[in-house]
Number of protein chains: 2
Amino acid sequence: MTDKEAALLCKAIGDLHRLQIVQLLTHGEQCACELLEKFAITQPTLSHHMRILCRVKLVQVRKEGKWCHYSLNCEKFVEFKNYIEKITCC
Amino acid sequence: MTDKEAALLCKAIGDLHRLQIVQLLTHGEQCACELLEKFAITQPTLSHHMRILCRVKLVQVRKEGKWCHYSLNCEKFVEFKNYIEKITCC
DNA sequence: GCCATATATTGACAACAATCAATATATGGC
DNA sequence: GCCATATATTGATTGTTGTCAATATATGGC
């Protein structure tokens, strides 16, 4: 993972709502309507956040009928964790 | 570390220049003038970035005469790495 | 085909961010 | 005290972001 991509990923989770969305998705796939219930934001705002998370490939979407099921892209997330882990201090 | 603090830390390193500054500081303390040479930005812009990194306590400064020596706050950084590591996927 | 529901898009707005030029402040040497 | 140097602050500008209301799109059931 390049520094540039890592910076974009950090930026993507550098918003409290989006970080919490990522945390929720670690428990498994959730549809937009479920996520929406858990935050005090409107549906368009959630849609905006999900688009940002999908754009950096941290989250993926599975469309099923009317529903959008969002889930973490584990491969990308592990890549990100490895990047962060490699920044050694002291 | 709270979600809120983690989000602020992510935001702080969610800029390519600041992420690269953090990377440079893993090699040890550096003064502002040294850092400045490594980026195509002006001195006020670097000062701005350093203030943001210091504000979230990811970087600390040691003033010595005319010079400001910046270094990573390892404790805070490790805390952040642990936070990220605990977000388990799949 | 019409309606209800789930989600996306558009447009607007206020807040914030990255950057620079200009200027201010602080320090050490003379 | 004056000068050079290192860094910070201010002010301006341009671009981006988080948010909402309103509207559009898509899907399934009747």
Side-chain angles (χ1 to χ4, degrees), chain A residues 2-25 28-73, chain B residues 2-25 28-73:
Chain A
T2 63
D3 290 351
K4 189 170 178 186
E5 188 180 2
L8 287 173
L9 279 179
C10 283
K11 199 171 174 184
I13 59 173
D15 171 273
L16 184 54
H17 284 142
R18 290 195 296 266
L19 180 57
Q20 289 177 333
I21 288 167
V22 165
Q23 300 265 15
L24 282 173
L25 293 182
E29 195 177 71
Q30 297 205 38
C31 78
C33 52
E34 282 176 295
L35 290 171
L36 188 55
E37 286 172 3
K38 288 161 184 157
F39 298 95
I41 57 177
T42 63
Q43 179 268 319
T45 298
L46 178 68
S47 183
H48 166 73
H49 286 313
M50 299 318 291
R51 196 170 52 153
I52 288 171
L53 289 172
C54 286
R55 193 168 57 201
V56 297
K57 305 267 195 294
L58 205 56
V59 164
Q60 52 211 179
V61 62
R62 180 174 66 82
K63 301 211 177 197
E64 190 187 41
K66 287 185 289 188
W67 289 271
C68 285
H69 300 276
Y70 290 103
S71 61
L72 262 192
N73 178 350
Chain B
T2 63
D3 290 350
K4 190 171 177 184
E5 188 181 1
L8 287 173
L9 279 179
C10 285
K11 200 171 173 182
I13 58 172
D15 172 272
L16 184 55
H17 283 142
R18 289 195 296 267
L19 180 57
Q20 289 177 332
I21 288 167
V22 165
Q23 300 265 15
L24 282 173
L25 293 182
E29 197 178 70
Q30 298 205 37
C31 78
C33 53
E34 281 176 295
L35 289 171
L36 188 55
E37 288 172 0
K38 288 161 185 156
F39 297 95
I41 57 177
T42 63
Q43 179 268 319
T45 298
L46 178 68
S47 182
H48 165 73
H49 285 313
M50 299 319 289
R51 196 169 54 150
I52 288 172
L53 289 172
C54 286
R55 192 168 59 202
V56 298
K57 304 268 194 296
L58 206 55
V59 164
Q60 53 213 177
V61 61
R62 180 175 65 85
K63 301 211 178 197
E64 191 187 41
K66 287 184 291 188
W67 290 271
C68 286
H69 299 275
Y70 290 102
S71 60
L72 262 191
N73 178 350

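The chains referred to below are lettered A, B, ... by the order of the sequence lines, with proteins before strands, and numbering in each begins at 1. Keep in mind that what you see is a predicted model, and the values were worked out from it rather than measured.
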Original post:
Does atom CZ of R62(A) have more than 12 heavy-atom neighbours from other groups under 6.0 Å away?
Top reply: yes

**OP:** Would you mind telling me which residue lines up with the more 5' stretch of DNA chain D, P44(B) or K66(B), judged by nearest nucleotide?
**Re:**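 Looking at the nearest nucleotide for each, K66(B) comes out on the 5' side.
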
Answer with base, sugar-phosphate or nothing: what part of the nucleic acid does [X] contact at a heavy-atom distance below 4.0 Å?
{"X": "H49(A)", "result": "sugar-phosphate"}
{"X": "I52(A)", "result": "sugar-phosphate"}
{"X": "I41(A)", "result": "sugar-phosphate"}

Rounded to the nearest Å, what distance is computed from the [atom1] atom of residue [X] to the [atom2] atom of nucleotide [N]?
{"X": "F39(A)", "N": "dT19(D)", "atom1": "CZ", "atom2": "C1'", "value": "15 Å"}
{"X": "L46(A)", "N": "dG18(D)", "atom1": "CG", "atom2": "P", "value": "13 Å"}
{"X": "I21(A)", "N": "dG18(D)", "atom1": "CD1", "atom2": "P", "value": "11 Å"}
{"X": "R55(A)", "N": "dT17(D)", "atom1": "CZ", "atom2": "C1'", "value": "10 Å"}
{"X": "Q43(A)", "N": "dC20(D)", "atom1": "CD", "atom2": "P", "value": "11 Å"}

Distance from [X] atom [atom1] to [Y] atom [atom2], nearest 0.5 Å?
{"X": "C33(B)", "Y": "H69(B)", "atom1": "SG", "atom2": "NE2", "value": "8.0 Å"}
{"X": "T45(A)", "Y": "M50(A)", "atom1": "OG1", "atom2": "CE", "value": "13.0 Å"}
{"X": "L35(B)", "Y": "C68(B)", "atom1": "CG", "atom2": "SG", "value": "11.0 Å"}

**OP:** Write down the atom of V56(A), the atom of L53(A), and the distance for their closest heavy-atom approach.
**Re:**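 So the minimum-distance heavy-atom pair works out to CG2-O, 3.4 Å.
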
Original post:
Which dot-bracket string fits DNA chain D when only Watson-Crick or G-U wobble pairs with both atom distances under 3.5 Å count, crossing pairs get [ ], and | stands for a partner on a different strand?
Top reply: ||||||||||||||||||||||||||||||

Show me the donor-acceptor pairs, under 3.5 Å and distance only, between side chains in residues 11-19 of chain B and residues at least two apart or in other chains.
{"residue": "D15(B)", "atom": "OD1", "partner": "H17(B)", "partner atom": "N", "Å": "3.0"}
{"residue": "D15(B)", "atom": "OD1", "partner": "R18(B)", "partner atom": "N", "Å": "3.2"}
{"residue": "R18(B)", "atom": "NE", "partner": "A12(B)", "partner atom": "O", "Å": "2.6"}
{"residue": "R18(B)", "atom": "NH1", "partner": "H49(B)", "partner atom": "ND1", "Å": "3.0"}

Subject >> Within residues 5-19 of chain B, residues whose heavy atoms come under 4.0 Å of DNA chain C >> reply: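 Within this stretch, K11(B), D15(B), H17(B), R18(B) sit under 4.0 Å of the strand.
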
**OP:** Quick one: which residue pairs count as a side-chain hydrogen bond (donor to acceptor under 3.5 Å, both in side chains) with a foot in residues 31-41 of chain B, not counting sequence neighbours?
**Re:**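 Qualifying pairs, neighbours excluded: Q30(B)-K38(B).
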
Original post:
Partners of K57(A) by side chain to side chain contact (heavy atoms under 4.5 Å, CB included), sequence neighbours excluded?
Top reply: N73(A), K76(A)

Subject >> Start and end of chain A contact along DNA chain C [non-hydrogen atoms, under 4.0 Å] >> reply: dT5(C) to dT9(C)

**OP:** Using the side-chain contact (heavy atoms from CB on, under 4.5 Å) rule, pick out the option among L46(B), V59(B), I21(B), L24(B) that qualifies with Y70(B).
**Re:**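 Going through the options one by one, the only one that passes is V59(B).
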
